[in-house]
Amino acid sequence: MVMFRAMLKSRKGLDFWDIFFYLFYFLVAFIIIFLLNIAGCVIKDKEARAGIGADVSLAAVIRADAQLDSYLRTQMPGKEELLEKMGWVEKNKNAKYIKGLVKEIDFNFGKVEDFLNKHPEVYSDRDYSGFISGLHPFYVSGSKKDKEDSERVFKAVTAVMFIRAVIDYPKKGDYMFYLLPLGVDFGPSDLKPSSKEDMCKSSYELCAQYLPPEVVPSLKDPLIYVSPVRFSSQAIQIIPLADATLAKVEFRYYPEFKSRLPQP
Amino acid sequence: MTTPTKPMKLLSGNKRGMDYYVFIVSLVGVLMLSFITFSLFTKQYSLSSGLSTGTEQFRVLKTYAAAEKALLFADDAARLALEQAAYKYGKSGFYYSGAPCGSNGGYNYWAKDEILQKNDCVPQPANPSGCYPDEPMMKWTLSTFFYYDFYKFVSKFNSISEVKIPFNYEPFGVATGSTQIIGISKDPITISIPNVKYEVKPGFRESINRDLIGDGSSVVAVAKQLAGKSEKEAKKIVSSADSSDAGSLDWNEKFAYSKAKNSCLYAIGSCTCCETIETCEEYEFDEEGNPVLDDDGKIICKKKGTSEVPVGDGTEYRTIPYDSFDIPMSVRVNDPASGTSHKQYLVYDEAAKKEVLKELEYNFAVNWIEDHPEDSTTSCSCGTGHPC
């Protein structure tokens, strides 16, 4: 206390204004540092929740894009391997979780094998994108048989190459097979994705899909987006055809597919 | 010890000066902190802006995905263009704009003789430097066909897509072995959105499992042996080159050998031309031996005849018969796995205006002439009259 009074009275010590300015300075500094450390403390709860959350649908679209790219760049297997895979489907076509797929893709092993034997140029030394463009001349040839063959072969080959399985469903060791939708439109008028949920029925010339009804109930011609729900994410790719026209390929990804599976 | 400056003396030596000094330091400090705070807050989106975490990052990823679509298209287009170029390359006999020796029936000549009047009907090669394509010509032909086919695909893509593929490549390189075409783009694909600019060059390296240049060299090597051979010898050469192994060249199926007779004539000098005129061999006379005249006062001719009179010079020609031999060849590639047992590519048929599967064929023709001067004849050609 004595020392404090001495400081106030002395010419070289601190007086009231010195102490005031120092206090003022440090107070402002403290407030600013405090504000910097708790940015967002004045925002509303709703804004904070939106800011911390992430846009999952955007992530799903990016995933769909990447998956479609990888599909299109997949190298086609040789004839023996393709037929071996199809032979497996043929052998198990009556198994519980295959027969729905077989029916959906109109699988006919004999006719598909016949086509693959006659036309190796459609898949030999090509990637999946080249396979699609290889089917185009048959689809547009004007022959009903060629058109049906191309549709059937597209479905069968797409299925054996990209079919997926959820294992241990519904019981250990069992499989549920599904095929995410992939559609092709030759000579499209635009590059917009299909607005319908079931794109194979509504939109595309070549199309393959199998979504087990246990997981994706079949709805009557719904739209892809019924606010606030978007059922799937869509990716579009353009591929060239030999006659210098284009084909549009659409792929659907269901981000919540596995979560929709009923638990065993 | 340094001597304080005058302003500093005023500030620190004087009690009132010390008051001001502290005030100034405080004020400057507050202003600086305020400035830093303001700068920091304006650099970030506030949480109340409605943008969720990772939005900017997702936008960058979407930009990358959009560029990947264009790159995938470029790769696919390059592959299709290469197959189409391979077919055209073989069909045209490895010449993009016609062989220097000409063509016949769609087959470019790799060897051709000509026999011309101006050369005294001596058979000579139509092109003294020959017309067999070499490896640089083959590579140039393939890359030129590829250029125009690839351009068609890229144009189509650019007409419909917001992201454009630039068509500005270094000259396309052709690597041999399994034929590979390499595209090095000079310009990048550019995608600009607010705060993001993404660039990537659409280069590519596509190949087909056929050594087109190697095939070309093999075909040329055999073709060089054919000119001047009899049909039997030519067939033997072709048969020895032929094979039925997968991947080998099929020479035999479209072998054709034709021989056409013709002749060439050239001037060797002049000859005399004559004209046939009417003469009177016997005139009519009366009993007294006087000539009998007609109404015009002319002596009546009792017996007429003809006489040859020279009317000038004509040109004497020598005619040399010759045989012209043609061997048009269509060499295909064995591919037992293919429906037609030969390598096929999916190409666009301009005439039919549709895609068709066509067999890869290496087409060419060789031609040579054998003259027969021993069977030559001479003749006189007269402008007026006839040879005497």
Side-chain angles (χ1 to χ4, degrees), chain A residues 11-12 15 17-18 21-22 24-25 28-29 32-33 35-36 39-40 43-44 47-48 50-55 58-59 61-62 65-66 69 72-73 79 117-122 124-127 129-130 133-134 136-137 140-141 188 190-191 235-246, chain B residues 15 18-19 22-23 25-27 29-30 33-34 36-37 40-41 44-55 58-59 61-62 65-66 68-69 72-73 75-77 79-81 83-84 149 152-153 155-157 160-161 208-209 335 337-339 344-348 353-357:
Chain A
R11 280 175 70 116
K12 290 187 181 169
D15 72 359
W17 290 110
D18 291 340
F21 286 128
Y22 280 128
F24 175 70
Y25 170 76
V28 171
I32 287 170
I33 289 166
L35 283 175
L36 284 173
I43 65 166
K44 298 190 181 78
E47 287 165 346
I52 293 165
D55 191 343
L58 192 49
V61 166
I62 292 171
D65 275 337
D69 269 1
L72 292 173
R73 287 188 185 272
K79 185 173 79 171
N117 280 332
K118 275 187 193 159
H119 302 291
E121 65 281 350
V122 166
S124 175
D125 195 33
R126 288 175 175 268
D127 57 14
S129 166
S133 58
H136 178 242
V140 299
S141 68
D190 59 62
L191 297 181
I236 296 285
Q237 176 62 37
I238 312 168
I239 61 173
L241 303 173
D243 59 357
T245 58
L246 303 173
Chain B
K15 184 64 176 173
M18 282 301 290
D19 290 341
V22 173
F23 171 72
V25 165
S26 304
L27 187 64
V30 166
L33 281 172
S34 301
I36 291 167
T37 308
L40 282 172
F41 272 110
Q44 56 188 294
Y45 291 120
S46 63
L47 287 176
S48 61
S49 69
L51 291 175
S52 52
T53 304
T55 300
F58 282 137
R59 285 174 69 228
L61 287 174
K62 276 290 281 182
E68 269 304 298
K69 288 182 198 301
L72 177 59
F73 185 92
D75 287 346
D76 287 342
R79 177 57 194 263
L80 274 180
E83 289 183 359
Q84 303 216 20
D149 283 329
K152 269 191 311 190
F153 292 121
S155 298
K156 192 71 187 178
F157 178 88
I160 201 170
S161 168
I208 51 175
N209 64 348
D335 186 5
S338 159
Q344 297 182 89
Y345 288 124
L346 190 61
V347 298
Y348 181 63
K353 295 211 182 311
K354 61 178 184 175
E355 301 154 276
V356 287
L357 277 169

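Lettering of chains follows the sequences in order, A, B, ..., and the numbering in each one begins at 1.
The line from CG of B/L357 to CD of A/E121 is 4.5 Å long, rounded to the nearest 0.5 Å. For the atom pair B/D76 CG and A/L246 CG, the distance stands at 11.5 Å (nearest 0.5 Å). Atom CG in A/L191 sits 7.0 Å away from atom OG in B/S161 (nearest 0.5 Å). From B/K354, atom NZ reaches atom NE2 of A/H136 across 12.0 Å, with rounding to the nearest 0.5 Å. One finds the OG atom of A/S133 at 7.0 Å from the CG atom of B/L346 (value rounded to the nearest 0.5 Å).
Ranked by non-hydrogen atom pairs under 4.5 Å with chain A, the options B/A66, B/A77, B/S155, B/A81 are led by B/A77. Heavy-atom pairs under 4.5 Å with chain B peak, among A/I238, A/I239, A/D190, at A/I238. Here A/I236 is the residue among A/V122, A/I236, A/L72, A/V140 with the most heavy-atom pairs under 4.5 Å with chain B. Listed options B/V347, B/D75, B/I208 were ranked by heavy-atom pairs under 4.5 angstrom with chain A; first place goes to B/D75.
In this structure a side-chain-to-backbone donor-acceptor pair under 3.5 Å is present from B/Q84 to A/A242.
The 12-atom threshold is exceeded at NZ of B/K152, counting heavy atoms of other residues, nucleotides or ligands nearer than 6.0 Å.
In this structure, B/R79 pairs ionically with A/D125, as a charged nitrogen and a carboxylate oxygen lie closer than 4.0 Å. A salt bridge between A/D65 and B/K69 is present, with a side-chain N of the basic residue lying under 4.0 Å from a carboxylate O of the acidic one.
Using a 4.5 Å cut-off between heavy atoms, A/D127 contacts chain B through its side chain alone, with no backbone atom that close. With a threshold of 4.5 angstrom between heavy atoms, B/F73 approaches chain A through its backbone and through its side chain.
Side-chain contact between A/P240 and B/F157 is absent, with no heavy atoms from C-beta onward closer than 4.5 Å. A 4.5 Å side-chain heavy-atom check between A/V61 and B/K62 finds at least one atom pair inside the cut-off.
Under the rule for a ring-ring contact (aromatic ring centres under 6.0 Å, His included), B/Y348 has no partner lying at least two apart in sequence or in another chain.
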